[in-house]
Chemist: 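Quick one: structure below, then a few questions.
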Amino acid sequence: MIVLFVDIDYFFAQVEEVLNPSLRGKPVVVCVYSGRTEDSGAVATSNYVARKLGIKAGMPIVKAKELGKDAVFLPMRKELYQEISNRVMEIISKYGESLEVASIDEAYLDITNKVSNFSEAEILARKLKEEILEKEKLRVTIGIGPNKVLAKIIGDKSKPNGLGVVTPEDVSRFIDELDISDVPGIGKITEGVLRKTGINKLADIRKFSLEELSKLVGRSRSIYLISLANNTYREPVKPRELTHKGRYLTLTENTRDIRIIMPFLKRALSEAYGKIQGIPMEIYVVAIMEDLDIVSKGRSFKFGITQDLALRTAEDLLRKILDTDTRKIRRVGVRLGKILRSSTLEDFFH
Ligand code: TTP
Ligand code: CA
């Protein structure tokens, strides 16, 4: 098995830098304001410049402002980040057989049958990094390993903008050197229990039987740790249904002329329809403006929409965007959501 783990660097803050390059080099802090008082709330994430000042995710905004008086504090724009995450996930999915989206900015990709060895895997990973950088201007870190967990561990150790590999030749030594705190899914409490028992390294797990370990940290966690320590962990990459599919195209020039934009939108729509297996009940038109800001408008239906109706709706939505925004459009696309799967459709007819 060869697995890629892809993690977008300082994700929310990096998106803000991409949309506003003048932020680069400054400490950037993305905040979730609770609204109670002006500065109540917590830090969602910060860029590496802000991290150097000690500003970290989860910290109260007030504390972050003490540490970074001149930092730029921005409100979290979750929908925008989700939109960009979806597009990055679509790029990643092309490189492998199955994609498991683990969070808004993390995914596992099974490339076992796409490459014949780990050096080919590395070449593929570099191409993937380049495509994400070129299309979305985002830097990601990739970990490559013989299973999901090792791919994630080496990925975490390679941040930011990194590429780390655990090859089959390295794997025993790599496992032997891991600290228990390197293992994903082991929280502070479990870590404390293990350390008290003298388990500091993952390799120390091998000194204990499943029964002994289960009494300490529970059975399923014990099975997980034992299989990792013995390099028998082989959880498959489990694709989750992407709930929406999109297609975006770059216009030949930045424009607000609907006659120029419509043919692109039509092609994006038809290609998006080609990608889905089923009929969508929801359509969004997404416009990436000349300054790379993203504007989207959507409509939901109570029934599956044909491509014809989708095209008319898309034109409508595009007009709305142009009516409410004065900027030129650079890229345009559609996103189809709430997809009725073919099997569901067949159920209707049988
Ligand atoms: P992470 O991958 O943990 O962090 P990151 O992408 O900001 O930084 P890096 O990977 O370079 O270390 O989280 C992904 C996103 O999830 C992050 O950009 C913001 C969000 N997030 C929160 O909203 N609250 C949190 O406490 C954390 C840890 C993340
Ligand atoms: Ca990340």
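Read the numbers this way: they start at 1 and go in the same order the structure lists the ligands and their atoms. Quick caveat, the model's predicted, so the values are computed rather than measured.
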Chemist: Applying ring pair (Phe, Tyr, Trp, His ring centres under 6.0 Å) as the test, list every pair that has at least one member in residues 61-103; sequence neighbours left out.
Modeler: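 Only Phe12-Tyr81 qualify under ring pair (Phe, Tyr, Trp, His ring centres under 6.0 Å).
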Chemist: Hey, is ligand 1 close enough to Ile8 that some N/O pair sits below 3.5 Å?
Modeler: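 There is such a contact, yes.
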Chemist: Given 3.5 Å as the limit, does a donor-acceptor pair link the side chain of Glu191 with the main chain of Ser181, or not?
Modeler: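 No; zero donor-acceptor contacts below 3.5 Å.
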Chemist: Can you tell which of Val43, Val30, Asp105 gets a heavy atom nearest to atom 2 (O) of ligand 1?
Modeler: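 Going through Val43, Val30, Asp105 one by one, Asp105 has the nearest heavy atom to atom 2 (O) of ligand 1.
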Chemist: Which heavy atom of the protein is the closest neighbour of atom 28 (C) of ligand 1, given with residue, atom name and distance?
Modeler: Ala57 CB, 3.8 Å
Chemist: Quick one: pull up CD1 in Ile321 and CE in Met289 and give me the separation to the nearest 0.5 Å.
Modeler: 6.0 Å
Chemist: Can you find an N or O of Tyr10 that's nearer than 3.5 Å to an N or O of ligand 1?
Modeler: yes
Chemist: Is there side-chain contact between Leu178 and Leu150, with at least one heavy-atom pair below 4.5 Å?
Modeler: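 Answer yes - side chains close enough.
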Chemist: How close does the nearest protein non-hydrogen atom get to atom 17 (C) of ligand 1, and which residue and atom is it?
Modeler: Thr45 CB, 3.8 Å
Chemist: Answer yes or no as to whether an N/O/S atom of Phe11 is found below 3.0 Å from the Ca ion (ligand 2).
Modeler: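 Short answer: no, not a single N, O or S atom is under the cut-off.
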Chemist: Under a 4.0 Å heavy-atom limit, does Met76 contact ligand 1 with its side chain, its backbone, both, or neither?
Modeler: neither
Chemist: Restricting to N, O or S, what is the name of the atom of Asp105 that lies nearest the Ca ion (ligand 2)?
Modeler: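 Among the N, O or S atoms of Asp105, the one closest to the Ca ion (ligand 2) is OD2.
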Chemist: Apply the side-chain contact (heavy atoms from CB on, under 4.5 Å) test between Ile111 and each candidate in Val3, Leu124, Leu128; give the one that qualifies.
Modeler: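 The residue from Val3, Leu124, Leu128 that satisfies side-chain contact (heavy atoms from CB on, under 4.5 Å) with Ile111 turns out to be Leu124.
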Chemist: I want to check something: taking the side chain as every heavy atom from C-beta on, are Lys297 and Asp325 in contact at a cut-off of under 4.5 Å?
Modeler: no
Chemist: Considering only protein heavy atoms, which is closest to atom 10 (O) of ligand 1, and at what distance to one decimal place?
Modeler: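 Sorting protein heavy atoms by distance from atom 10 (O) of ligand 1 puts Lys159 NZ, 2.7 Å first.
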Chemist: I'd like the name of whichever of Lys56, Arg51, Gln14 reaches closest to atom 8 (O) of ligand 1 through any heavy atom.
Modeler: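 Looking at heavy atoms only, the winner is Arg51.
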Chemist: Counting only N and O atoms by type, is there a donor-acceptor contact under 3.5 Å from the side chain of Lys275 to the main-chain atoms of Gly246?
Modeler: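 The answer is yes, because a donor-acceptor pair under 3.5 Å joins these two groups.
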Chemist: When you measure from the side chain of Ser46 to the backbone N and O of Ile55, does any donor-acceptor pair fall under 3.5 Å?
Modeler: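 Checking the backbone N and O of Ile55 against the side chain of Ser46, a donor-acceptor pair under 3.5 Å is found.
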Chemist: Of Asp156, Asp9, Asn161, which meets side chain to side chain donor-acceptor pair (under 3.5 Å) against Thr141?
Modeler: Asp9
Chemist: Ignoring hydrogens, tell whether any protein atom lies closer than 4.0 Å to atom 12 (O) of ligand 1; use the non-hydrogen atoms only.
Modeler: yes
Chemist: Nearest to the Ca ion (ligand 2), which N, O or S atom of Asp7 do we find?
Modeler: OD1
Chemist: Output, in order, the C-alpha distance, side-chain angles, deciding distance and verdict of side chain to side chain contact (heavy atoms under 4.5 Å, CB included) for Arg247 and Leu269.
Modeler: CA-CA 7 Å; Arg247 177 78 182 126; Leu269 181 73; over 6 Å; no
Chemist: At what distance is the nearest protein heavy atom to atom 22 (C) of ligand 1, and which residue and atom is it?
Modeler: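 Minimum-distance protein heavy atom for atom 22 (C) of ligand 1 reads Ala44 O, 3.3 Å.
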Chemist: Can you tell me which portion of Tyr48 lies within the under-4.0 Å heavy-atom range of ligand 1? Options are side chain, backbone, both, or neither.
Modeler: side chain
Chemist: Please confirm whether Phe12 comes within less than 3.5 Å of ligand 1 when only nitrogen or oxygen atoms on both sides are compared.
Modeler: yes
Chemist: Do Leu336 and Met262 share a hydrophobic cluster (ILVMFWY, side-chain heavy atoms under 4.5 Å, transitive)?
Modeler: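 Same cluster: Leu336 reaches Met262 through Ile, Leu, Val, Met, Phe, Trp or Tyr contacts under 4.5 Å.
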Chemist: For ligand 1, which atoms, with element, lie under 4.0 Å from some heavy atom of Asp7?
Modeler: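 Contacts of ligand 1 toward Asp7, numbered from 1: 2 (O), 10 (O).
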Chemist: With atoms numbered from 1 as shown, which atoms in ligand 1 lie under 4.0 angstrom from a non-hydrogen atom of Phe11?
Modeler: 5 (P), 6 (O), 7 (O), 18 (O)
